[in-house]
Amino acid sequence: MVGTLACDETAAPFAAINTGNNLLYLLLGMLLALIIVSGLMSELSLRGLTVVRRLPLRAQVGRAHLVEIEVFNHKKQVPSYAIEVEDLRAGQPADKRCFFLKISPKSAQVAAYRRTPAKRGRDRHVGFRIATRFPFGLFEKSREVPAEGELIIYPAVDAVELAPAPPGRTSGGDGIIGRGHGEDFLGLKLMRAGEDPRDIYWRKSASLGHLVMRERAREARPDVAIPLDVMRPTSAGDEWDNTFERRIRDVASRAVAHVKRGDTVAVRTNSGGQARADRSAGADPLLRYLALVESVPAATSLIPPKTTAPEPRTDASQGHEAAQ
């Protein structure tokens, strides 16, 4: 009886290992170990990474452009695997990302994503979201990195067929050649009485012994002036906003067509703003101005009010004052 009891007590631990509950505990322990290992390896994969964004020089509504993303791994011996970089923009959902399978130690990888803007204006980039599912793909670990960036989205431009230019007109504006008070200089001349001394060329005057002045050119007037109404009525709704965007697109299309023909173009708003462009400078100044122009409430006008001249005094009133 005593021998049988001792045998049963020795076999009890081995019998307990074969039960289903202990196998479940063993499986649970393995899963917990996998979670810990996954967290450590994903943290090591994300460590030591820097991200750089390269934006294009210009972008336009309706035209696709590429944004380059470069990730550099600063770790000396450990590579980074399965890195996903999401470009974050202010006020917009993060829908563009780049994937890097492996980034070797002390090296960089470059990828790019394509984006087609749907709205003009400032496109502000605020940072990156760097994530990885390495090593098992069961869990995702991520962190956000601030990185400021801004891209000006130009308005869309349509093909416009212009009327033939008037014969005999020189492109580039009226009055470019000739004496005046513009910013460009035509040459030098001797100073005459009554002329503005601010234009004296002192170095040349000292060498010649006479006062020599810079001769200025006349300011050029634009060949084409395109008006733009930016005054928004107080009762305007979404329909007015859509019409305003179509108006900007039409102005941009006509301005670009005139610049390509060689005209000097000026866009003027009824709030006092304006922008100019010609063939030498290109249409970028105009497109940038139109990309950032905003509507102004009709009650807020930037144009100073007109002052009325005082009424002329009559002889009778003068005589009455003299009598007093």
Fill in: Minimum heavy-atom distance between Pro233 and Ala298, given as atom pair plus value
CA-CB, 4.2 Å
Response to the item:
All heavy atoms of Ala275 vs all of Pro285, minimum pair found to be CB-O, 4.4 Å
Discussion item. Tell me whether Asp229 contacts the main-chain N or O of Met231 through its side chain, where contact means a donor paired with an acceptor under 3.5 Å.
Written reply: yes
Discussion item. Side chain to side chain contact (heavy atoms under 4.5 Å, CB included) for Phe136 and Leu34? Distances and angles first, verdict last.
Written reply: CA-CA 9 Å; Phe136 306 116; Leu34 287 177; 3.9 Å; yes
Practice prompt. Check the pair Thr132, Glu140 against side chain to side chain contact (heavy atoms under 4.5 Å, CB included), reporting the backbone distance first and the verdict last.
Written response: CA-CA 6 Å; Thr132 182; Glu140 182 183 84; over 6 Å; no
Worksheet item: Under the criterion side-chain contact (heavy atoms from CB on, under 4.5 Å), which of Leu44, Ile36, Val37 is the partner of Leu40?
Response: Ile36
Discussion item. Quick check on the hydrophobic clustering: are Leu292 and Val256 connected, directly or via other members, by side-chain heavy-atom contacts under 4.5 Å?
Written reply: yes
Worksheet, complete the sentence: Between the NE2 atom in His74 and the CZ atom in Arg47, the distance rounded to the nearest 0.5 Å is 14.0 Å
Item to complete: State, with a plain yes or no, whether a side-chain heavy atom of Ile226 is found less than 4.5 Å away from one of Arg254.
Response: yes
Practice prompt. Measure the spacing between CD of Gln60 and NE2 of His65 and express it to the nearest 0.5 Å.
Written response: 11.5 Å
Fill in: Nearest heavy-atom neighbours spanning Ala90 and Val126
CB-CG1, 3.8 Å
Worksheet item: Distance from Phe244 atom CZ to Glu294 atom CD, nearest 0.5 Å?
Response: 7.0 Å
Worksheet entry | Salt-bridge contact Asp250-Arg246 (side-chain N to carboxylate O under 4.0 Å) | no
Fill in: Distance (rounded to the nearest 0.5 Å) between Leu26 CG and Asn22 CG
9.0 Å
Worksheet item: Salt bridge check: are Glu150 and Arg122 linked by an N-O gap of less than 4.0 Å?
Response: yes
Worksheet item: With the threshold set at 4.0 Å, does a side-chain nitrogen-carboxylate oxygen contact exist between Asp87 and Arg115?
Response: no
Worksheet item: So with a 6.0 Å cut-off around CG of Leu57, is the heavy-atom count from everything else above 12?
Response: no
Worksheet item: CZ of Arg232 to CH2 of Trp240: how many Å apart, nearest 0.5 Å?
Response: 6.0 Å
Discussion item. Test your reading of the model: is there a side-chain donor-acceptor pair from Ser42 to the backbone of Ser38, 3.5 Å cut-off?
Written reply: yes
Worksheet item: Among the clusters formed by ILVMFWY side chains lying less than 4.5 Å apart, do Phe139 and Leu31 turn up in the same one?
Response: yes
Worksheet item: Mind checking whether Glu70 and Arg54 have side chains closer than 4.5 Å, heavy atoms only?
Response: yes
Worksheet item: Thr243 versus Glu239: any side-chain heavy-atom pair under 4.5 Å?
Response: yes
Fill in: Side-chain heavy-atom pair Thr269, Gln274 within 4.5 angstrom cut-off
no
Fill in: Within 6.0 angstrom of Asn242 CG, more than 12 heavy atoms from elsewhere
yes
Discussion item. With clusters defined by side-chain heavy atoms of hydrophobic residues (ILVMFWY) lying less than 4.5 Å apart, directly or transitively, does Ile103 cluster with Phe134?
Written reply: no
Discussion item. Using every non-hydrogen atom in the two residues, find where Leu66 and Pro56 come nearest and quote the distance to one decimal.
Written reply: O-CD, 3.6 Å
Worksheet item: Under 3.5 Å, side chain of Lys106 to main-chain N/O of Lys75, donor-acceptor pair present?
Response: no
Discussion item. Quick one, Ile83 with Ser45, criterion side chain to side chain contact (heavy atoms under 4.5 Å, CB included). Give me CA distance, side-chain angles, the key distance, then yes/no.
Written reply: CA-CA 8 Å; Ile83 300 298; Ser45 186; 3.6 Å; yes
Worksheet item: Does Met41 belong to the same Ile/Leu/Val/Met/Phe/Trp/Tyr cluster as Tyr81, with side-chain heavy atoms less than 4.5 Å apart forming each link?
Response: yes
Worksheet item: Given side chains that start at C-beta, do those of Asp278 and Val265 come closer than 4.5 Å, heavy atoms only?
Response: no
Worksheet item: Of the non-hydrogen atoms in Pro227 and Val251, which two are nearest, and what is the gap between them?
Response: O-CG2, 4.1 Å
Discussion item. Do His125 and Arg53 have side chains that approach each other closer than 4.5 Å (heavy atoms only, starting at C-beta)?
Written reply: yes
Worksheet item: Any salt bridge between Glu84 and Arg133, counting N to O under 4.0 Å?
Response: no
Worksheet entry | Side-chain donor or acceptor of Arg120 paired with backbone N/O of Ala291 under 3.5 Å | yes
Discussion item. Do Leu211 and Trp202 make a side-chain contact, defined as non-hydrogen atoms from C-beta onward lying under 4.5 Å apart?
Written reply: yes
Item to complete: Would you check, one step at a time, whether the test side chain to side chain contact (heavy atoms under 4.5 Å, CB included) holds for Leu49 with Ser80?
Response: CA-CA 9 Å; Leu49 298 180; Ser80 295; 3.6 Å; yes
Fill in: Donor-acceptor under 3.5 Å (Ser253 side chain, Asp158 main chain)
yes
Worksheet item: Taking the side chain as C-beta and beyond, is there a heavy-atom pair between Val157 and Leu287 under 4.5 Å?
Response: yes
Worksheet, complete the sentence: Here the gap from Tyr289 atom OH to Ile248 atom CD1, rounded to the nearest 0.5 Å, amounts to 9.5 Å
Fill in: Residues Lys141 and Glu43 bridged, charged N to O under 4.0 Å
yes
Discussion item. Quick check against the 3.5 Å criterion: does Ser142 have a side-chain atom that pairs as donor or acceptor with the backbone of Ile130?
Written reply: no
Response to the item:
Here the pair of heavy atoms bringing Phe100 nearest to Ile69 is CZ-O, 3.8 Å
Worksheet entry | Test: Glu86 and Arg143 ion pair at under 4.0 Å | no
Discussion item. Could you see if Val267 belongs to whatever hydrophobic cluster contains Val230? Use Ile, Leu, Val, Met, Phe, Trp, Tyr and a side-chain cutoff under 4.5 Å.
Written reply: yes
